There are 2 protein chains.
Amino acid sequence: MEAELSDPQARIYAFINEYVREHGRPPTNREIGGAVDIQSTGHVDYHLTILEKKGYIRRERKKSRGIILMHSEPRGLRIEGTIAAGVPLDIYPDARDTLDLGEHTREYVLQVRGQSMIDDHIADGDYVLVDRDAAINDGDIVVATHTVATADAGAATLKRIYKEQDRIRLQPANSTMDPIYVSKAEWDHEWEVQGKVTAVYRRF
Amino acid sequence: MEAELSDPQARIYAFINEYVREHGRPPTNREIGGAVDIQSTGHVDYHLTILEKKGYIRRERKKSRGIILMHSEPRGLRIEGTIAAGVPLDIYPDARDTLDLGEHTREYVLQVRGQSMIDDHIADGDYVLVDRDAAINDGDIVVATHTVATADAGAATLKRIYKEQDRIRLQPANSTMDPIYVSKAEWDHEWEVQGKVTAVYRRF
DNA sequence: TACACTGTAGAACGTGAGTTCTATGCTTGC
DNA sequence: GCAAGCATAGAACTCACGTTCTACAGTGTA
């Protein structure tokens with residue numbers, strides 16, 4: 001697809017990428033020249049024109065630092081396809097798409113301790129991304145805190161939430177554990193929902 | 001920590017953030033003025049000086065578009081602490097740290113189908129991040145492909161890998177499934193490891 | 001009332017920075 | 001050997017852009 005880059009062009013392109021990463025803004029033509037040892041700004045412009053023609057960059061004419069990097073992978077990761085965790089007979093379909101790990105901007109992160117959500121495959125050591133502002137629906141996994149000043153004050157727990165007739169059920173995903181029932185009154189006054197789990201992340 | 005922002009300062013700060021997100025470079029003082037309806041560039045400079053004093057931005061003096069956003073969360077997410085998935089008696093310790101979802105640059109993504117890694121809590125629909133270049137060790141979860149031209153050619157599978165005496169064991173994490181054994185010779189010629197799973201991601 | 005603080009406008013200065021033009025070596029293929 | 005193409009230098013031009021200075025109006029406080 002893309003035309004090959006000559007050596008000076010490749011160096012310039014690499015420098016622009018590096019400069020943007022480091023400074024949060026594109027370099028000027030003179031800064032590029034200084035970095036790749038080109039004395040003339042006109043000469044830099046010449047190479048930029050080629051880079052533009054080859055599709056590596058775009059430029060906003062007459063604007064300072066007007067270089068726009070194309071293909072600057074926007075913090076997304078390519079989804080190559082699906083993979084069989086089962087029998088090795090399935091193939092890669094080309095479900096071309098992008099997984100944007102940067103889409104989580106409102107969330108904060110908690111690291112999970114314990115086994116109570118294990119049946120939902122949230123394991124000890126996993127990270128959960130919690131959205132403070134999301135709407136809570138029945139069956140959502142939430143972070144709930146008991147706020148009254150008792151022995152377990154400030155205690156937070158990770159559970160699925162279900163609104164029943166006169167009470168709230170906080171349901172662990174672990175068959176060996178019992179749900180917690182909280183009356184509506186107690187719920188309103190003594191408990192607080194810190195947010196809803198929108199994603200799980202695990203490192204190996 | 002941070003001083004409050006006055007209305008014009010908040011508008012300017014918001015505009016800078018938005019502009020950077022959209023254009024990949026900071027705005028000029030005149031562009032800021034145009035956006036927040038300030039006629040004088042000196043006036044914009046006045047507000048920027050305050051924003052700098054209050055710690056919201058830094059500036060590289062005399063450089064065009066020299067505004068540097070502080071706290072521009074560098075695609076990382078704050079880890080607020082740990083949370084008990086078990087009994088609601090545990091508390092938030094302040095394990096202040098940052099989870100950098102942008103650290104995955106070499107990996108590509110596959111979406112998992114099937115249940116064969118379920119005992120490792122990799123569920124149907126989860127995304128696995130696969131590193132092509134990582135060193136493979138015993139017990140790692142890998143993407144393996146059978147490359148010979150048979151019925152299941154090109155088939156990829158997600159398994160834990162173990163090197164045994166004269167064979168390779170591809171072990172599913174599902175007690176109802178049996179491991180696949182591959183002889184060393186067959187392994188070298190007919191199989192290919194596409195990479196090692198470095199992380200798991202699940203959206204709700 | 002006077003002083004301090006914030007918000008605003010206008011103008012002017014000096015340099016930053018994109019652009020354009022002319023010239024000159026290098027290869028490489030015909 | 002000559003044309004074509006790439007890489008390079010230097011200079012000049014024209015705005016873009018950060019900075020500085022003066023002035024003034026509104027608001028709150030001592």
Side-chain angles (χ1 to χ4, degrees), chain A residues 2-70 72, chain B residues 2-70 72:
Chain A
E2 227 94 51
E4 291 279 309
L5 288 186
S6 73
D7 178 65
Q9 283 149 28
R11 294 227 312 285
I12 288 175
Y13 184 66
F15 171 72
I16 298 173
N17 267 285
E18 184 196 323
Y19 188 101
V20 168
R21 242 202 337 278
E22 249 177 72
H23 296 82
R25 62 166 184 270
T28 66
N29 292 8
R30 282 167 183 84
E31 286 167 338
I32 294 173
V36 301
D37 220 50
I38 285 178
Q39 321 305 319
S40 157
T41 59
H43 184 197
V44 171
D45 182 74
Y46 159 75
H47 282 301
L48 289 181
T49 306
I50 298 175
L51 280 173
E52 194 173 13
K53 199 158 292 173
K54 292 186 179 172
Y56 284 81
I57 61 172
R58 278 198 303 120
R59 282 192 292 177
E60 287 193 35
R61 307 249 305 254
K62 306 262 190 187
K63 296 226 150 142
S64 70
R65 304 175 188 275
I67 299 174
I68 299 162
L69 286 167
M70 314 305 286
S72 108
Chain B
E2 228 94 51
E4 290 279 308
L5 288 185
S6 73
D7 179 63
Q9 284 149 28
R11 294 226 314 284
I12 288 175
Y13 184 65
F15 171 72
I16 297 173
N17 268 285
E18 184 195 322
Y19 188 100
V20 168
R21 241 200 339 277
E22 248 177 73
H23 296 83
R25 62 168 183 269
T28 66
N29 292 7
R30 281 167 181 84
E31 285 167 340
I32 294 172
V36 302
D37 220 50
I38 285 179
Q39 321 305 320
S40 157
T41 58
H43 184 197
V44 172
D45 181 75
Y46 158 75
H47 283 301
L48 289 180
T49 305
I50 297 175
L51 280 174
E52 193 172 15
K53 199 158 293 172
K54 291 184 179 172
Y56 284 81
I57 62 171
R58 277 197 304 122
R59 281 192 292 176
E60 287 194 37
R61 307 247 305 253
K62 307 263 188 184
K63 297 228 149 138
S64 71
R65 304 177 189 273
I67 298 174
I68 299 161
L69 285 167
M70 312 305 287
S72 108

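Here is the naming used below: chain letters follow the sequence lines, and residue numbers restart at 1 for every chain. A quick note: this is a predicted structure, and the numbers were derived from the prediction, not measured.
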Just N and O in the side chain of B:R59: are any of them under 4.0 Å from OP1 or OP2 of D:dG18?
no
Gap between atoms CD1 and P, on B:I32 and D:dA16 respectively (whole Å)
17 Å
With sugar-phosphate meaning primed atoms plus P, OP1 and OP2, does B:Q9 contact a base, only sugar-phosphate, or nothing at under 4.0 Å between heavy atoms?
sugar-phosphate
Reported OH-to-OG1 distance for the pair B:Y19 and B:T28, which is rounded to 0.5 angstrom
6.5 Å
Using modelled atom types only, decide if a donor and an acceptor are shared between the side chain of B:R58 and the backbone of B:I68 within a distance under 3.5 Å.
no
Could you tell me how far apart A:R65 (CZ) and C:dT19 (P) are, to the nearest whole angstrom?
14 Å
Ionic contact status for B:E60 with A:R25, cut-off 4.0 Å
yes
Proximity to the side chain of B:T28 - top-ranked nucleotide from C:dA17, D:dC17, C:dG7
D:dC17
Think B:N29 has a side-chain N or O under 4.0 angstrom from the OP1 or OP2 of D:dG18?
yes
Name every residue in residues 18-27 of chain A that has at least one heavy atom under 4.0 Å from any atom of DNA chain D, in order of residue number, or write none if there are no such residues.
none
Between B:L48 (CG) and C:dT6 (P), how many Å, whole number?
16 Å
Polar-atom pairs under 3.5 Å, protein N or O versus N or O of nucleotides 20-26 of chain C: list them with distances, or write none.
none

Would you say the side-chain atoms of B:Q9 pair up with the backbone N or O of B:I50, donor to acceptor, closer than 3.5 Å?
no
I need the CD1-P distance between B:I50 and C:dC5, as an integer number of Å.
12 Å
d(NZ, A:K63; P, C:dT19) in whole Å
12 Å
Taking any heavy-atom pair under 4.0 Å as a contact, classify A:E31: base, sugar-phosphate, or nothing.
nothing
What nucleotide, of C:dA17, D:dC17, D:dA7, holds the atom closest to the side chain of B:R30?
D:dC17
Take the protein atom CD1 of B:I38 and the nucleotide atom P of D:dA25, then report the distance between them rounded to whole Å.
19 Å
Roughly how many Å is it from NE2 in B:H47 to P in D:dG18, rounded to a whole number?
16 Å
Rounded to the nearest 0.5 angstrom, the CG-CG distance for A:N29 and A:D45 is 6.0 Å
Please tabulate, for the side chains in residues 32-42 of chain B, all donor-acceptor contacts under 3.5 angstrom to protein atoms that are two or more places apart in sequence or on a different chain.
from  : atom 1 : to    : atom 2 : distance (Å)
B:S40 : OG     : B:G42 : N      : 3.2
B:S40 : OG     : B:H43 : N      : 3.1

Is the closest side-chain heavy-atom distance between A:K63 and B:E31 below 4.5 Å?
yes
For the atom pair CD1 (B:I16) and CZ (B:R21), what is the distance rounded to the nearest 0.5 Å?
12.5 Å
OP1 or OP2 of C:dG16 under 4.0 Å from side-chain N/O of B:S64:
no
Rounded to the nearest 0.5 Å, the OH atom of B:Y46 sits from the CD1 atom of B:I12 at a distance of 10.0 Å
Distance check needed: C:dT6 P versus B:L51 CG, whole Å only.
13 Å
Would you mind reporting whether A:R30 and A:V44 have side-chain heavy atoms less than 4.5 Å apart?
no
